[in-house]
Student: 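Before we start, here is the structure in question, set down as structure tokens.
On a predicted model such as this, the values are computed, not experimentally measured, just so you know. Throughout, protein chains are lettered first and strands after them, A, B, ... in sequence-line order, and every chain is numbered starting at 1.
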Amino acid sequence: MLIRYRGQEGMLAWAFHRISGVAIWVFVIFHIVDIFLSGANPSAYDTVLQIYASPIGRIGETLLGAALLYHALNGLRIIVMDFWPVFTRYHRQLWYLNWALFMIVGLPVAFVILKPIFAV
Amino acid sequence: MTQRYSQSGSPRPTRRGAERTVWYLMRLTGLALFVLSLSHFLILHVLYDPKDQTAAFIANVRWSSLFWRANDWLFVIVVLVHAILGIRIVVGDYLKGAVRMAVMMAFYLLGLVLFAFGTIVIVTLPKPTG
Amino acid sequence: MDQDFDALIVGAGGAGLWAALELAQAGVPTAVLTKLYPTRSHTGAAQGGVCAALGNHEEDHWEWHMFDTVKGGDYLTDQDAAEVLAREAIETVIELEHMGLPFNRTADGKIDQRRFGGHTRNFGEGPVRRSCFAADRTGHMILQTLYQQCIKVGVQFFDEYHVVDLLFDGGEAGAGGRAAGVVAYRIADGELRAFRAKAVLLATGGFGRMFRITSNAWSLTGDGVALAYRHGVPLQDMEFYQFHPTGIVGLGILLSEAARGEGGYLRNDSGERFMARYAPTLMELGPRDLVSRAITMEIRAGRGIGGKDYVYLDVTHLGRKVIEEKLPDITEFARIYQGVEPISEPVPIQPTAHYAMGGIPTDLHARVIRDADRTIVPGLYAAGECACVSVHGANRLGTNSLVDLLVFGRRAGRQMARDVRGVDLPELTEDAIEPVRAELRAISARSSGENAARIRSDLADVMMDNVGVYRTEELLSAALPRVRELQERYSRVHVDDKGTVFNTDLLEAREVGYLLDCAETTVVSALARKESRGAHAREDYPERDDVNFLSHTLAYRAEGGPRLAYKPVTITRFEPKPRTY
Amino acid sequence: MQVDLRILRYDPERDAGPHWVSYSVEAEPIDRVLDLLHRVKYKVDGSLTFRRSCGHGVCGSDAMLINGRNRLACKIRVEQLGRRRISVAPLPGLPVIKDLVVDMDGFFAKYRSVQPFLITAGPPPTRERRQSPEERARYDDTTKCILCAACTSSCPSFWAQPDYVGPAAIVQAHRFIFDSRDEGADERLEILADQDGVWRCRTIFNCTDACPRGIEVTRAILEVSAAIVERQA
Ligand SMILES: Cc1cc2nc3c(=O)[nH]c(=O)nc-3n(C[C@H](O)[C@H](O)[C@H](O)COP(=O)(O)OP(=O)(O)OC[C@H]3O[C@@H](n4cnc5c(N)ncnc54)[C@H](O)[C@@H]3O)c2cc1C
Ligand code: HEM
Ligand code: SF4
Ligand code: F3S
Ligand code: FES
């Protein structure tokens, strides 16, 4: 059904929101566990850290950042409409605005995070 | 085939539930997370590079002040509340009945464990050494 | 399998719903049967408004409304009925407001009113603001509001039950029998079921689908009218069929008179407001028969747009605000169905078959009568477009149909509530549903034969070409054999769908049969009326003839074609006068 | 021009399940999809089943899934679809009875559940109740609803949670909640604060995009949830 229905911006916005929400979950699990390790078993933690610092880790981190940024911006879009329902009229524009902000903030961040891969 | 004539009267929904509170909490925690999570991400993934964030770094720099410990503890709580309530919506949409119950129980448990882990590490991580 | 109620209502348009409401409020066990979900009824398509002399903008009196109704009907209107209509319009509209109908409002919060064709101040002096409206969705709001109230009081609905026959106890309706119930076909699974009741109301709406170009819904096939006719009830004034002046070219979709009520113009090829030549006082707000004839004359004289068969409805001078606020729906129709932008362009229009003035004859309490002596058929009632009280006479005024639904729907409900008290349920034989079951089976059983849709389409052509705005002896007498030929073909009708689940193929075939009955009585009645009156315009008899034809036609079903009789017109206050606007 | 009209057909008495059937139909750009369906029914196969009545978008009978979106067949022109290939299927998320006909009883039951009628205390005045044009305008948008179900059946949240009361019912409730004459708002808001009430809305906007009457459906829903929250505070 989800695939058969040709939803427009609103449906895409929701699908991404949901996917990103679940994705962040996965990361949150790892993240709390590894931080826990930093206290419980510092040397194990430092090994895990190597993974984060590796190229694959950095790409993953970028994706996490993207998911978080999208989810945060779109979450705000939803909240704005919830409290001021007139904004539903501009939900498309808000979504495109989200993408603009996403690019403006996200690209430099991605650059900073990914730079070390190329620097090596 | 269903009885194809309208029942008269107005059946009132019976499943009360705390959905109103959930809805509100999602928005409140969302707003809080906007600040907490983005600042967290910016500081720890952009201003500092992950490779520098050794266990010692965390103990010495990041959690050197009570403020940051409190901040991150709050962050853990808010994230978990938002994430648990969020996943409850998602799970509820795709799973039904006993499976749904089981999966949600697992998530609640996971949430508790994560809360415990987070709290333990924040509280017990030794004071900066040296 | 049978089901008993005190009262049954067939049809959930405005008339049926209001009657149901009255009955439910009176505590009478009532069921509403409808072949469509109630909110799909064609009352929802009515746009312009509902007239009542509220006088919210300017002085107005029900006597003026009554006069306009009588004159609009070319003095064929029964004046006692017109009086009831005009008086009770006021209280029913107020009652509708109390039920929650979202009327447009005046600055001081009263129901807003606008002008409408044929509605005048002080017995014809000039247009008056009498039509109460909710944008151009008045019918939609009426239908919704009445349905809402029915839900509130818990009326029992049988949605998507197609009534296929009427049942009588002690002989046919035409022979002294008493209404005993109906047979309904449950569309979802094809089950035939008898419903028994002490009182049966027919509120099945019109039959515009017998014409090619019509504003009517696909479902308006004259079911109740034809069923009553088949059981011996005569049909009254069938020759009077209203053509609405402004239908979308080719499709017939209606652009409400509200467009002219708000000040729209009609223009011919040279841009002239040609109504000045036909109705110098009321101009575009003349009654519908007159305006439709004017348009037809313009087209015949070659003054249609580009010499073609349509003229322009021009609202461009009203400005965007008025158009978008007061005429939003019809603006959208023009945009969607014609690709025309009414704010900046004139809209091509032509007359479209719209409303049946005739139908099942009733008295002032919606009781069906079966002869010129007003003999009542016990237990049978009719209201709404399928009925003929006759409040519209030879030509209905805009908005008066909705008033008719409200006033006589309400009266029907009240009368039925009174009549069912202390009366026993009629007797029904076990095999009451057998005749109609056999008829339906016969259609299903044929493996080949005539296609019902073809018959309907051919009928629509004949009726449009020969029984349209202008009629002549020649056209009408050519139509009759063709309708008969279609009836003959209909006896061999067959369907592709042999199933029981949602068999619209079978039901549509049944509906074509109803249309044929309506068409035949229309043609025969029109042939016999050798005068021009209201919507019945005979080019070979251009004058109204009060000496011979100031009477209602009654068409009885008989061997070899309808038999006609006449019933006098009730005249109380207004003596017939020439009708000029 | 020829159009390839693909219809998802299903006859419970003959077919194991729904299946696509392709018809090549002659069409003008200005034809509506309903015209094409009629052409098939009347010229090719009389057993093709669909609902329709008014033919011009005011009765709400013929909402269906056309080229992947819910629309009224009588209100969408072939040229608007911009393709020679048109697919038509029954409304998603509702039980199919036959071909393009779905069971609407559940939909109407939900509609009835929100008390869609004016609730007032005390006897009415002798004349009309007064209402200013501004008060009247407040709920104008939601009075336009024709209960076609295009919105409810386009909603992913409804597909996932068939108990969700759905946008159409909320629109109908909105029409009364914001009517200055109505005194039943509390009761109605209480009903909609239910687990299967407004909270199920995930602001997906399929409903608003699908509404053939151009109602701002999502806005109405959010206004109702805001009203519930306000009442709580
Ligand atoms: C486009 C348009 C615009 C109009 N505008 C106006 C206007 O502005 N003002 C005005 O006064 N009038 C207007 N009219 C006329 C007016 O709307 C109709 O005459 C009136 O609504 C008819 O109402 P009704 O209750 O008699 O029947 P309908 O509303 O037509 O309802 C008929 C009912 O009968 C049921 N039914 C039919 N056959 C069967 C069967 N065999 N078994 C079971 N149920 C059956 C149907 O399901 C339906 O519920 C307009 C008409 C049209 C077409
Ligand atoms: C960064 C700031 C965040 C904001 C502003 C935010 C906002 C929101 C909002 C408003 C909702 C409700 C959506 C709805 O009801 O339709 C939501 C849902 C959700 N959020 Fe967040 N959120 C944020 C961060 C997070 C994080 C860190 C997680 C991860 C664990 C998360 C996981 C979820 C999930 C799983 C859902 C449910 C998604 C759905 O219903 O489809 N969110 N978020
Ligand atoms: S809100 Fe729009 S889409 Fe939904 S039922 Fe009403 S008219 Fe149809
Ligand atoms: S599509 Fe559904 S989720 Fe809400 S905005 Fe519309 S009801
Ligand atoms: S047929 Fe009435 S809405 Fe399409």
Student: Within the structure provided, determine whether C:D108 and D:R130 are in side-chain contact (heavy-atom separation under 4.5 Å).
Tutor: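 Side chain of C:D108 against side chain of D:R130, heavy atoms only: contact under 4.5 Å found.
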
Student: At what distance, to the nearest 0.5 angstrom, does CG of C:L507 lie from OG1 of D:T49?
Tutor: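 The OG1 atom of D:T49 is 10.0 Å from CG of C:L507, to the nearest 0.5 Å.
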
Student: What pair of heavy atoms forms the shortest contact from D:I146 to C:H140, and how long is it?
Tutor: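 So the minimum-distance heavy-atom pair works out to CG2-CE1, 3.7 Å.
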
Student: For the pair D:K98 and C:D497, find out whether any cationic side-chain nitrogen is under 4.0 Å from an anionic carboxylate oxygen.
Tutor: yes

Student: Considering only heavy atoms, which portion of D:R14 lies under 4.5 Å from any heavy atom of chain C: side chain, backbone, both, or neither?
Tutor: neither

Student: Checking D:I30 against chain C: side chain, backbone, both or neither under 4.5 Å from a heavy atom?
Tutor: side chain

Student: Side chain, backbone, both or neither: which part of D:E134 has a heavy atom under 4.5 Å from chain C?
Tutor: neither

Student: Measuring heavy-atom distances to chain C, does D:P133 have an atom under 4.5 Å in its side chain, in its backbone, in both, or in neither?
Tutor: both

Student: At a heavy-atom separation under 4.5 Å, does D:R127 approach chain C through its side chain, its backbone, both, or neither?
Tutor: both

Student: Between C:E508 and D:Y42, is the side chain to side chain donor-acceptor pair (under 3.5 Å) condition met? List the steps.
Tutor: CA-CA 11 Å; C:E508 283 188 38; D:Y42 296 145; 2.4 Å; yes

Student: Does D:S53 offer a backbone N or O that forms a donor-acceptor pair with the side chain of C:R40 under 3.5 Å?
Tutor: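 Not confirmed, C:R40 side chain does not pair with D:S53 backbone.
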
Student: For C:R454, is it the side chain, the backbone, both or neither that has a heavy atom under 4.5 Å from a heavy atom of chain D?
Tutor: neither

Student: Side chain, backbone, both or neither: which part of D:R181 has a non-hydrogen atom closer than 4.5 Å to chain C?
Tutor: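 Side chain only.
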
Student: Under 6.0 Å between ring centres: does that hold for D:H56 and C:Y337?
Tutor: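 Centroid separation for D:H56 and C:Y337: 6.0 Å or greater.
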
Student: Check whether any side-chain heavy atom of C:Q144 sits under 4.5 Å from a side-chain heavy atom of D:K144, and report yes or no.
Tutor: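 When only atoms from C-beta onward are counted, D:K144 and C:Q144 do not touch, as no gap falls below 4.5 Å.
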
Student: Keeping the roles fixed (side chain from C:R105, backbone from D:R136), state whether a donor-acceptor pair exists under 3.5 Å.
Tutor: no

Student: Based on non-hydrogen pairs under 4.5 Å, which of D:T143, D:D182, D:D140 is most in contact with chain C?
Tutor: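 Of the candidates given, the most pairs with chain C belong to D:T143.
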
Student: Going from NE2 on C:H42 to SG on D:C54, what distance comes out if it is rounded to the nearest 0.5 angstrom?
Tutor: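 Interatomic distance, C:H42 NE2 to D:C54 SG, rounded to 0.5 Å: 7.0 Å.
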
Student: Please rank D:V101, D:T126, D:I76 by heavy-atom pairs under 4.5 Å with chain C and give me the top one.
Tutor: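 Of the candidates given, the most pairs with chain C belong to D:V101.
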
Student: Treating C:K152 as the side-chain partner and D:I119 as the backbone partner, does any N or O pair qualify as donor plus acceptor under 3.5 Å?
Tutor: no

Student: If you measure from CG on D:D99 to CZ on C:F502, what distance do you get to the nearest 0.5 Å?
Tutor: 10.5 Å

Student: Under the criterion side chain to side chain donor-acceptor pair (under 3.5 Å), I'd like the reasoning laid out for C:T504 against D:K41: C-alpha separation, chi angles, the key distance, then a yes or no.
Tutor: CA-CA 10 Å; C:T504 53; D:K41 183 172 179 69; 3.0 Å; yes

Student: Any ion pair linking D:R213 and C:E332 (charged N to carboxylate O, less than 4.0 Å)?
Tutor: no

Student: Under 4.5 Å, counting heavy-atom pairs only, tell me which of D:S132, D:C148, D:P116, D:A137 racks up the most with chain C.
Tutor: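 Max contact count across the listed options: D:P116.
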
Student: Name the option with the most non-hydrogen atom pairs under 4.5 Å to chain D; the candidates are C:R456, C:E95, C:K498.
Tutor: C:R456

Student: D:H38 vs C:W218 aromatic rings, parallel, tilted or perpendicular, using cut-offs 30° and 60°?
Tutor: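 D:H38 vs C:W218 ring planes: tilted.
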
Student: How long is the span from the CD atom in C:E160 to the CE atom in D:M104, to the nearest 0.5 Å?
Tutor: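 Reported to 0.5 Å precision, the distance equals 8.5 Å.
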
Student: Where the side chain of D:E13 meets the backbone of C:V501, is there a donor-acceptor pair that is under 3.5 Å apart?
Tutor: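 Yes, D:E13 side chain to C:V501 backbone: donor-acceptor pair under 3.5 Å.
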
Student: Between atom SG of D:C74 and atom CD1 of C:I336, what is the distance when rounded to the nearest 0.5 Å?
Tutor: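 Going from SG on D:C74 over to CD1 on C:I336, the span is 9.0 Å.
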
Student: Between D:K43 and chain C, which part of the residue has a heavy atom less than 4.5 Å away: side chain, backbone, both or neither?
Tutor: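 Neither part; nothing is under 4.5 Å.
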
Student: Does D:E128 reach the main-chain N or O of C:I111 with its side chain, forming a donor-acceptor pair under 3.5 Å?
Tutor: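 Yes; judged by distance alone, with no hydrogens or angles, the pair exists.
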
Student: Atom CD1 of C:I151 and atom CZ of D:R112: how far apart are they, to the nearest 0.5 Å?
Tutor: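 CZ of D:R112 is found 6.5 Å from CD1 of C:I151.
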
